[in-house]
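Only one structure is covered here, and it is reproduced in the block below.
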There are 2 protein chains.
Amino acid sequence: MTRRVKNILFVMCDQLRADHLSCFGHPTLKTPNLDALAARGVIFDRAYVQSPVCGPSRMSYYTGRYVHSHGASWNFVPLKAGEMTIGDHLRPLGVRSVLVGKTHMRADLAGMSRLGIDPASTIGMRIAECGFDPYERDDGIHPYSGHDPDPNYNDYLRKQGFDGDNPWEKWANSTVDDEGRIRSGWFLKYSNRAARVPDEHSETPYITRRAMDFIAEAGEQPWCMHLSYIKPHWPYIVPEPYASMYKPEDALPVVRSEGERRDPHPVYGAMMNHRVSRTFSREGVRDAVMPGYMGLIKQIDDQLGELFRFMEARGLMETTMIVFTSDHGDYLGDHWMGEKDLFHEPVIRAPLIVYDPDPRADATRGSRCDALVEAVDIAPTFLDACGGVAVPHVMDGRSLRPLLFGKHPSDWRKHVVCEYDYAFQDSRIELGTPSRDAWLRMIFDGRWKYVLAEGYRPMLFDLASDPHEFVDLGAAPEHEHERQRLHEALFRWARQPRQRVTIPDGAIETMEIQPRISEGGILIGYWDEEDLAEARKHFKPRFASTNPLVKPTLDRLIHPEGATHDQ
Amino acid sequence: MTRRVKNILFVMCDQLRADHLSCFGHPTLKTPNLDALAARGVIFDRAYVQSPVCGPSRMSYYTGRYVHSHGASWNFVPLKAGEMTIGDHLRPLGVRSVLVGKTHMRADLAGMSRLGIDPASTIGMRIAECGFDPYERDDGIHPYSGHDPDPNYNDYLRKQGFDGDNPWEKWANSTVDDEGRIRSGWFLKYSNRAARVPDEHSETPYITRRAMDFIAEAGEQPWCMHLSYIKPHWPYIVPEPYASMYKPEDALPVVRSEGERRDPHPVYGAMMNHRVSRTFSREGVRDAVMPGYMGLIKQIDDQLGELFRFMEARGLMETTMIVFTSDHGDYLGDHWMGEKDLFHEPVIRAPLIVYDPDPRADATRGSRCDALVEAVDIAPTFLDACGGVAVPHVMDGRSLRPLLFGKHPSDWRKHVVCEYDYAFQDSRIELGTPSRDAWLRMIFDGRWKYVLAEGYRPMLFDLASDPHEFVDLGAAPEHEHERQRLHEALFRWARQPRQRVTIPDGAIETMEIQPRISEGGILIGYWDEEDLAEARKHFKPRFASTNPLVKPTLDRLIHPEGATHDQ
């Protein structure tokens, strides 16, 4: 039996913390379907995203490139037309890449206009959808009825009798209070109440069914489907039975210390001052939110169970690589923060599970891998699984398949990097930082986490002695050595360019281009005919130009004609 | 009289050293026409190119971006489709950007194919020509008759009776020896002999006339013409009277010391071992080459005199900004090197002269400016001169106009940077460096020049005590402080991203985007209706969304309806 990768199911959750799956150790939130996937695949215990917010993190997943390389540094920054995505890399291999769900992509309309690309053309649609063909796009954030586009999910809800301009908001993301009044799921206070739609009509089951629709229709062409759930991202609201499945006491204890609020790093201090951070630091907020957040995750796990059974019944588990991950985590009040604007473990550690049907992966099934892995490794893994040639001149990441096959490359990375452009945030305005300098960059070697903050002292955490990251050693004189070491490693990272994307490294390595140029006609540095004749004796055949005119021309240059004769 | 910039004449020579113009101090090579331009404009004494070779240097001129940003790191690396060039920036301002001469551009055909752009379309042609509309392209390097394309200049020569497959090579870049035999100008030995065409039919006058043709035809639309001479680049061969105008003793003395060959930095050592370096270090080579090189420069100066008089006669000097520069210099045997693969002053210092007709520039006419200026400043200068808004999120450089107007911005740069990707060179093969690590990066603060060489110790030169750069202090313990300082400055440079090109900095600075987002509909971190009602009191009007649906929706969220009523 040859179980080779034909298809790829690339599942992403939004804002799912790694520690909220039972296979990652959650004591009360049981995720048996993901646990079962992990039992057939590998759990990556030290997988990190490239940015703590949706847009840039996703663009790194979709391009295999650091934010430093692709440039889409925040949610509303379009990925520039021309950046290569998973779809671009897999298409020449005959693999169809499709989107079911969210990408958080902003289309680079100015770039398309400059390049003469019609946004309504196939290529234009792909540029606007991170390289995927949109089977069902649903970015899920539609607080006003004037939103554009009206997602298909709204149409679906209306057909089920959930009416209005924006049933996504009015029904799926609203609840009813004890007095019978509709309350918006945007308000955290209502996160522990049931959504106004039954489970089957809520967004996660809807999107899952759409994924099944695609699979049923896909036919024989290999595919890579990006099944991208909006949840457990806010609004943190879920229907029954999930809404009342968890109590506040089922939640992991909040991780924060009073010490963190005493004289914090200025950027951290400003971020603790974001409204969402202040709200999550209030008494009672977590008690309302955690049941909703956990219920949303439980619902995803149940739905993935449905999907996996659907695939199993069609024999697709034998031929489909499955990657499950998230674009980032959620502070949920940890470290006196809400949302995801810094680099603590709850935010940047990804819940990564990879199932590879290839028999070479049998050796690692059910195991955990502690290699330092990054979001940029996903696209190279897909390229590898589909039989493509690695493109290290384009992608910053590396294929995970050696790790999946039980190998541990000796040159595997020693650090992960995460970047955050907080130019768009209140904290930048509060601090008065120019937008161009509002950058934070983190490097983590598995123990020491160093954060370079333009214009401020760095931050430093020792996760060995301080696993909760309570003690910022960024100014501690005794740790100057660690700071310098990681600072230098970050420089090494920053100067590894991934902008020379138009010539593969392999072409350079094998052509030994300078001799080729010499034979090819740019005759640099020859004194006279004898010089060239002598040099030609040493040209290796494989360097020789394929131009049939080269040899006679060089011959002629070496054996000059008479001028009068030649005229 | 308002003398405003309407047109731009952007003259570039190839491989012209700054010290080979009389206005830059050459004692015997008189360049009165460029000297006269300098007398009306400003000489930049400390202007530096972004890379010591043609392709990447030119792409930095054409994009306003460091090699680190644009990625076209060597001659044969295509500038990726989507990179914005001078043409892209000036076109929306109504300015037509045209090419007359050389760009060394390689078209990104793979990128165009991926983006569905026909290379034969207008946009495709521009992508293939660095954003310029090609009026006359001539890259000049055509050693074989199988070259593609056959330049118009070849047709021109044939019409004058200079026949053959490749008259560029056979006539314009060949000579006749004392025995009447045709000798190729590729051989350095013949550089002091006359080309086989008369002056008027040689390449520099031909290209100059083509520039005049364009001007005569241009009509009323403002233009930016890139007049890009192939010369004094090799083949170092020029017709009479220039061929016999200079003697070896007219040349600047060679700058090299025996000390440089003793235990050199490994990369420098490998580059001294390039064939062209070995050839230029041989006795007699400079004596043959220098007369040809100097004659080619003199010919350019004479031709520019013709062009300037042509423009003067049409009143164009009143409305045309003129920039004269070069893509890099030439070792010509200095430092035991040929060509241009490292960062010594003869190679990276550009002969930059800028004439701005604007009356605000009257204060600086005929003056010299010692600000640290870079090739990336040219595109922003053009954008500024044409009335465009600066794009610091795209361009690494800054407009020179404040300097031209006699101002000295207090935040002007303190360093220049030059990069070299030697992956394609013999030296990399000799050293066994992986192609991805074959990077050299230089930072220079006007006195100290620091070169970071991946995998090797750095180089360091103190131009105050050692103006000829003979003494590499890269390993000298007493200069650790300078090395660390410049190393850190280079890191600061390397992490300034110019990849977030799709959102202008100004948009971020003025939108104060987070409050806008709050009013705009993503209601992050509100506990309940009261929270939102309170926050809305503090929204400043200018942050308010322009979406007419926002206010009623927020009103409704705060004042919930009855569920039964609403259904």
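To find a chain, count down the sequence lines: A is the first, B the second, and so on, and within it residues start at 1.
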Is [X] in contact with chain A via its backbone, its side chain, both, or neither, using a 4.5 Å heavy-atom distance?
{"X": "B:Asp437", "answer": "side chain"}
{"X": "B:Glu83", "answer": "neither"}
{"X": "B:Asp108", "answer": "side chain"}
{"X": "B:Trp439", "answer": "side chain"}
{"X": "B:Glu339", "answer": "side chain"}
{"X": "B:Leu115", "answer": "both"}
{"X": "B:His274", "answer": "neither"}

Is it the backbone or the side chain of [X] that comes under 4.5 Å from a heavy atom of chain B, or both, or neither?
{"X": "A:Leu109", "answer": "neither"}
{"X": "A:Ile117", "answer": "side chain"}
{"X": "A:Asp177", "answer": "neither"}
{"X": "A:Arg278", "answer": "neither"}
{"X": "A:Glu419", "answer": "neither"}
{"X": "A:Arg126", "answer": "neither"}

Is the closest basic N to carboxylate O distance between B:Arg282 and A:Asp531 below 4.0 Å?
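Looking at A:Asp531 together with B:Arg282, the answer is yes, because their closest N to O distance falls below 4.0 Å.
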Closer than 4.0 angstrom, basic N to acidic O: yes or no for A:Arg495 and B:Glu454?
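So A:Arg495 pairs with B:Glu454 through a salt bridge.
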Does some side-chain heavy atom of [Y] sit less than 4.5 Å from a side-chain heavy atom of [X]?
{"X": "B:Leu532", "Y": "A:Phe187", "value": "yes"}
{"X": "B:Arg500", "Y": "A:Arg436", "value": "yes"}
{"X": "A:Arg114", "Y": "B:Arg91", "value": "no"}
{"X": "A:Val285", "Y": "B:Trp527", "value": "yes"}
{"X": "B:Asp528", "Y": "A:Leu188", "value": "no"}
{"X": "B:Leu490", "Y": "A:Phe491", "value": "yes"}

Would you say [X]'s side chain and [Y]'s backbone share a donor-acceptor pair under 3.5 angstrom?
{"X": "A:Thr279", "Y": "B:Gly525", "value": "yes"}
{"X": "B:Thr502", "Y": "A:Pro78", "value": "yes"}
{"X": "B:Arg275", "Y": "A:Ile524", "value": "yes"}

Please list, chain by chain and in numerical order, all residues satisfying side chain to side chain contact (heavy atoms under 4.5 Å, CB included) with B:Gln484, sequence neighbours excluded.
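Result, side chain to side chain contact (heavy atoms under 4.5 Å, CB included) vs B:Gln484: B:Glu480.
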Mind checking what makes side chain to side chain contact (heavy atoms under 4.5 Å, CB included) contact with A:Ser69, not counting sequence neighbours?
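Applying side chain to side chain contact (heavy atoms under 4.5 Å, CB included) to A:Ser69 gives A:Arg65, A:Tyr66, A:Asp396, A:Arg498, A:Gln499.
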Picking from [options], which has the most non-hydrogen pairs under 4.5 angstrom with chain A?
{"options": "B:Gly116, B:Gly338, B:Ser277, B:Ser73", "value": "B:Ser73"}
{"options": "B:His70, B:Arg492, B:Gln496", "value": "B:Arg492"}
{"options": "B:Glu488, B:Met112, B:Glu179", "value": "B:Glu488"}
{"options": "B:Ala81, B:Gly124, B:Ser184, B:Pro392", "value": "B:Pro392"}

Among A:Val501, A:Leu79, A:Leu452, residue most engaged with chain B (heavy-atom pairs, under 4.5 Å)
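The answer is A:Leu452.
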After noting the C-alpha distance and the side-chain angles of A:Glu529 and B:Arg183, does the key distance pass the salt bridge (Lys or Arg N to Asp or Glu O under 4.0 Å) rule?
CA-CA 9 Å; A:Glu529 293 81 355; B:Arg183 298 290 192 168; 2.7 Å; yes
